[in-house]
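Note that the structure is predicted; figures quoted are calculated from it, not measured.
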Amino acid sequence: MDNHEQCSPTECADRSTLVSEDGKNVKSVLCQRCGSKVLCPGVAVFAEKELFLPAMRKKTTITQSEGSVDGDKLTAHWLVDDMYTFENVGFTKDVGRVKYLICADCEIGPIGWHCLDDKKSFYVALERVNHA
């Protein structure tokens, strides 16, 4: 059995295996596609905020027109307040006032979201990453 856990909707509802008592990530956060480490344990805080993320694909196919983009409204995220906390993350070009977070190694994404108006909020969707 694979020891990488993906946050299914059921597991996202019961986050006790992923979130510590002080609200931080217990496990490493990994790319679902290539397994690269995105965040080390204990560096991100669990946050609930409804954000729209386009469907997962390589960064070259993320389009500018949000109205026609397939995607998901996700609410469970890891919140990081400094971009240098990440072990491995890339950013798309600006899409309006947003930059999407992608895996820097395989360029799959978006795995997260960053609004240019808030320099200290970087969100990684639990449903878009694995945990180990």
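In the displayed structure, Glu48 atom CD is contacted under 6.0 Å by more than 12 heavy atoms of other residues, nucleotides or ligands.
Cluster annotation: Trp113 is not connected to Val45 through the hydrophobic network of ILVMFWY side chains, with a link wherever side-chain heavy atoms come within less than 4.5 Å. By the rule that hydrophobic residues join a cluster once side-chain heavy atoms approach within less than 4.5 Å of another member, Ile111 and Tyr84 end up as members of one cluster.
In this structure, Phe86 and Val124 have side chains that are in contact, with non-hydrogen atoms separated by less than 4.5 Å. Side-chain atoms of Leu101 and Pro110, non-hydrogen and from C-beta on, never get closer than 4.5 Å to each other. Taking 4.5 Å as the limit, every side-chain heavy atom of Leu18 sits out of range of all side-chain heavy atoms of Val26. With contacts defined as side-chain heavy-atom distances shorter than 4.5 Å, the pair Phe46/Leu126 qualifies. For the pair Ser28 and Leu39, the minimum side-chain heavy-atom distance is 4.5 Å or more. You'll find the side chain of Val43 stays beyond 4.5 Å of the side chain of Lys24, heavy atoms only. Counting heavy atoms from C-beta outward, Lys93 and Val95 have side chains that stay 4.5 Å or more apart. Asn88 is not listed as a side-chain neighbour of Lys37, based on a closest heavy-atom distance of 4.5 Å or more.
In this structure, the side chain of Thr92 engages the main chain of Tyr100 through a donor-acceptor pair within 3.5 Å. For the pair Asn25 (side chain) and Ala44 (backbone), a donor-acceptor distance under 3.5 Å is present. In this structure, the side chain of Ser121 does not engage the main chain of Asp118 through any donor-acceptor pair within 3.5 Å. At distances below 3.5 Å, not a single donor-acceptor pair connects side-chain atoms of Arg128 with backbone N or O atoms of Gly109. Judged purely by atom type and a 3.5 angstrom limit, Gln32 uses its side chain to pair as donor or acceptor with the backbone of Glu127. Looking only at distances, a side-chain donor or acceptor of His77 sits under 3.5 Å from a matching main-chain atom of Lys49.
The two atoms that bring Gly112 and Leu53 nearest to each other are O-CD2, 3.5 Å, heavy atoms only. The heavy-atom pair separating Ala47 from Tyr123 by the smallest distance is CB-CE2, 4.3 Å. Closest approach of Cys31 to Cys34, counting heavy atoms only: SG-N, 3.5 Å. Leu74 and Ala125 make their closest contact through CD1-CB, 3.6 Å (heavy atoms, listed as atom of the first residue, atom of the second, distance). Pairing each heavy atom of Ile108 with each of Met56, the nearest pair is CG1-CE, 4.0 Å.
With rounding to the nearest 0.5 Å, the separation of CZ in Arg33 from SG in Cys106 is 4.5 Å. Distance check, rounded to the nearest 0.5 Å: CD of Glu50 to CG of Asp72 gives 11.0 Å. Rounded to the nearest 0.5 angstrom, Lys120 NZ and Leu79 CG are separated by 11.0 Å. The NZ atom of Lys27 sits 12.5 Å away from the OG atom of Ser20 when rounded to the nearest 0.5 Å.
Checked for salt-bridge contact, Asp94 and Lys99 meet the test: a charged N lies under 4.0 Å from a carboxylate O.
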